[in-house]
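The structure under discussion appears below in the form of structure tokens.
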Amino acid sequence: MSTSVLSRPKTETASSPPPRRRRRFRANVPAGIAASFWFLIVAVPLYFIVVTSVRTQDAYVADGPLDLPTKFTLHNYANVLDLGFGTFLRNSVIAAAATVIVTLGLALPASYAIVRGQSRWVRNAFNLFLLGLAIPAQAVIIPIFLIITRLHLYDSLTAIILPTAAFSLPMAVLVLTSALRDVPNELYEAMTVDGASPAVLFRRLVLPLSRPALASVGIFSGLNAWNGFLFPLVLTQSESQRVLPLGLWNFQSQYGTDVPGLLAAVVLSALPVLALYLFGRRQLLSGLAAGFGK
Amino acid sequence: MSSVAAKERPGFVWAAPAALFFALFGVVPIVVVIYLSGTKWNGLGTPQWVGSANWSALLDDGEFLPALRTTILLTVGTWLVQTPLALLLGVWSAGQQRFRAVLSTVFFLPLLLSTAAIALVFVCLLDPNFGLAATWGKFLGVPDGNFLGDSGRALPTVIFVLAWQFVPFHTLLYQAATRQIPTQLYEAAQLDGADTVRQFFSITLPQLRNTIVASSVMMLVGSVTYFESVLLLTNGGPGTATQVVPLEMYKDGFIAFDMGYASVLAVLLVIIGTILSIVVVRATGYHRMTSDREGL
């Protein structure tokens with residue numbers, strides 16, 4: 001499993017690399033060339049974002065995009081927050097958190113039933129989620145718009161949360177079932193012999209043992225919701241319900257020439273994810289790779 | 001299995017909430033979109049049944065075939081750019097030296113930015129007047145620095161921006177998969193005197209076969225249905241140079257309020273997405289839920 005490889009404690013890989021491994025990858029010249037080339041391509045725009053966001057508009061226009069800032073300013077950040085970015089940030093946090101809660105709350109019991117259950121209906125449920133991987137959200141956005149308007153949820157955060165969570169479910173169920181399959185049958189059997197019901201097994205065995213997989217799935221669905229553009233675009237309308245990606249777009253169309261301001265907004269929109277990254281780099285990366293590492 | 005033992009197993013009731021919830025937003029809409037493709041509906045009133053009118057309109061739509069062609073070009077271009085890069089970077093970053101950790105961190109930073117943020121950053125960077133493109137364009141043979149506003153360069157530029165955004169994710173997949181290749185294989189190869197390049201082609205590449213398939217089909221499904229970046233970078237322009245099918249669907253449905261015709265395009269996207277995803281599930285063995293390296 002990729003999860004277990006990537007979530008090893010950092011010190012283990014950083015301080016004591018197996019010598020054989022080091023030799024194994026050292027002389028891979030084409031990969032090294034590609035890596036240096038790609039490093040430049042990735043680093044220049046990142047440098048541009050950070051440096052420009054702390055420059056004045058005048059300096060940006062006069063000195064070109066890559067100059068070091070001569071006068072450091074946080075004015076752009078203050079300005080962006082004045083323009084309502086706080087609201088967008090709050091909406092995005094609410095939408096992402098609710099999506100994670102709904103996804104995990106529904107996917108874990110379902111995965112437990114899929115791994116342990118024996119009825120034909122449970123197998124059909126699993127097939128439904130496998131099929132679900134095939135359905136692109138873009139292709140069903142029109143009927144979802146119809147359903148959301150008929151449920152009188154149009155232009156609310158709930159309108160974003162429900163379909164976003166629904167579309168995180170297939171991946172969540174796949175990752176969680178493959179994690180739960182690794183739990184030895186003997187554990188379930190031992191507890192069952194002691195008279196534990198499925199609910200007790202779920203609380204005392206499934207929940208604690210699936211914690212790393214839950215974290216991965218939570219991160220994956222949270223990032224999905226955080227980055228979501230299509231559902232907010234089509235299912236909300238008013239400024240008070242706007243999430244960050246739409247806020248950025250709106251900001252660009254209104255203040256398009258204020259590049260330092262726009263890039264300050266970009267940095268603000270990435271800060272929560274950056275915090276998550278610094279807090280749990282390995283968990284975040286394994287969350288992104290979850291289910292595909294095989 | 002006795003009835004007592006069956007009772008001790010979790011039943012369908014545990015899976016029902018998730019299944020019904022997903023059915024409401026994932027499966028019911030497919031039926032509804034097929035129905036809507038036979039109606040005339042402006043998004044507000046009641047859909048009116050018009051039979052096959054929208055489907056015959058597809059044949060007369062002068063924009064559809066160019067959009068389909070652009071979608072295919074975008075898909076193929078995305079695959080050709082991202083797969084070799086992500087593969088090489090993934091194998092390379094699976095190594096253990098310290099400086100790799102630093103570089104890998106930088107490689108993965110684009111994952112922290114949303115699609116909207118990345119698209120807007122590149123709109124600024126590629127601005128022919130104030131962006132980087134103005135000064136650096138001449139080194140790439142584009143003296144006027146006009147990348148997104150030129151009908152010949154817009155699509156390659158979109159492919160480049162998509163690569164900037166998604167190569168990190170695919171690199172991550174290849175990195176994780178490379179780390180799982182059993183070291184014994186390399187030990188044996190070294191005893192046989194195989195050099196690094198030989199080892200890459202004879203061991204690494206074949207061992208990554210499943211990952212290549214999984215990553216490729218994700219890319220394919222993604223670029224067939226993905227339209228946010230195109231909308232934000234070029235809005236389909238200049239002219240219709242970057243107009244892809246999902247973007248045309250969005251514009252027909254939510255700008256022109258011709259939901260019936262947009263549903264026709266949506267049904268086509270469902271069909272293409274389904275075919276490609278069945279390939280994912282089959283080729284990667286998700287439906288079997290086993291690892292092909294078990295026992296090694």
Side-chain angles (χ1 to χ4, degrees), chain A residues 2 5 17 21-22 24-25 27-28 31 34-35 38-39 42-43 45-46 49 65 106-107 109-110 112-113 116-119 121-122 125 128 130 132-136 138-140 142-144 163 166 169 192 198 227 229 234 245 248-249 252 259 266 269-270 273-274 277 285 288-289 292-293, chain B residues 8-12 14-15 17-19 21-22 25-26 29-30 32-33 36 85 88-89 91-92 95-96 103 106-107 109 112-117 120-121 124-125 131-132 135 169 172-173 176-177 179 183 186 196 210 214 225 228 246 253-254 259 262-263 266 269-270 273-274 277 281 291:
Chain A
S2 62
V5 172
R21 279 242 172 144
R22 193 189 290 169
R24 168 177 144 193
F25 290 107
N28 201 333
W38 193 249
F39 176 79
V42 170
L46 291 174
I49 297 169
L106 292 175
Y112 170 49
R116 293 288 297 164
Q118 286 174 328
S119 81
W121 281 92
V122 168
L128 174 79
L130 283 177
L133 285 177
I135 301 164
Q138 285 82 353
V140 288
I142 294 168
I144 286 177
L169 275 177
T192 308
N227 293 337
F229 188 85
V234 170
L248 281 176
W249 191 30
Q252 184 216 23
V259 173
V266 165
S269 77
V273 191
L274 184 70
Y277 180 76
L285 294 181
L288 284 166
F292 297 111
Chain B
E8 286 154 1
R9 299 278 188 157
F12 178 64
W14 288 79
F21 184 63
F22 181 69
F25 288 101
I30 293 179
V32 177
V33 81
L36 286 175
L85 252 173
L88 282 175
L89 290 173
V91 171
W92 179 83
Q96 302 285 341
L103 287 188
V106 175
F107 285 149
L109 284 178
L112 307 185
L113 295 169
S114 65
T115 302
L120 299 183
V121 166
C124 297
L125 259 180
L132 193 58
T135 42
F169 175 72
L172 199 59
L173 303 186
R179 286 189 172 157
T183 355
Y186 292 95
T196 322
N210 284 346
T225 55
E228 286 97 327
F254 293 96
M259 297 285 187
S263 297
L269 289 176
V270 172
T274 307
S277 296
V281 171
S291 162

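In this text, all values refer to a predicted model and were calculated from it rather than measured experimentally. In what follows, every heavy atom counts, from backbone to side chain, and hydrogens, waters and symmetry copies are set aside. Order of the sequence lines sets the chain letters (A, B, ...), proteins ahead of strands, with each chain counted from 1.
- For A:Leu128, the parts lying near chain B are the backbone and the side chain together; criterion is any non-hydrogen pair under 4.5 Å.
- For B:Ile30, the parts lying under 4.5 angstrom from a heavy atom of chain A are both the backbone and the side chain.
- For A:Tyr112, the ring pair (Phe, Tyr, Trp, His ring centres under 6.0 Å) partners two or more places apart in sequence, or in a different chain, are A:Phe202, B:Trp14.
- Under the 4.5 Å side-chain criterion, counting only non-hydrogen atoms from C-beta, B:Val270 is not in contact with A:Ile135.
- For B:Phe254, the part sitting under 4.5 Å from any heavy atom of chain A is the side chain, from C-beta outward, and nothing else.
- Counting heavy-atom pairs closer than 4.5 Å to chain A, the top residue among B:Leu269, B:Val121, B:Val32, B:Leu36 is B:Val121.
- In terms of non-hydrogen atom pairs under 4.5 Å with chain B, the most contact-rich of A:Leu248, A:Val259, A:Leu274, A:Thr192 is A:Leu248.
- Heavy atoms closer than 4.5 Å to chain B are found in the side chain of A:Ile49, but not in its backbone.
- Contact annotation: the side chain of B:Phe107 approaches that of B:Trp92 to within less than 4.5 Å [non-hydrogen atoms, C-beta and beyond].
- Contact of the A:Pro245 side chain with the A:Asn227 side chain is not registered, since no non-hydrogen atoms from C-beta on lie closer than 4.5 Å.
- The backbone N or O of B:Arg9 lies less than 3.5 Å from no partner atom in the side chain of A:Arg116, so there is not a single donor-acceptor pair.
- With respect to chain B, the highest number of heavy-atom pairs below 4.5 Å among A:Leu46, A:Val42, A:Val122 belongs to A:Val42.
- Listed by chain and residue number, nothing satisfies the ring pair (Phe, Tyr, Trp, His ring centres under 6.0 Å) test with A:Tyr277 (two or more places apart in sequence, or in another chain).
- Of the two parts of B:Leu112, the backbone and the side chain both hold a non-hydrogen atom closer than 4.5 Å to a non-hydrogen atom of chain A.
- In this structure, chain A has heavy atoms under 4.5 Å from both the backbone and the side chain of B:Leu125.
- Most heavy-atom pairs under 4.5 Å with chain A, from the set B:Leu113, B:Leu120, B:Leu85: that is B:Leu120.
- The two residues B:Phe25 and A:Ala166 come nearest to each other via the heavy atoms CB-CB, 3.6 Å.
- Here the CH2 atom belonging to A:Trp249 is positioned 13.5 Å from the OG1 atom belonging to B:Thr115, to the nearest 0.5 angstrom.
- When B:Ser114, B:Gly253, B:Gly11 are compared by the number of non-hydrogen pairs under 4.5 Å with chain A, B:Ser114 comes out ahead.
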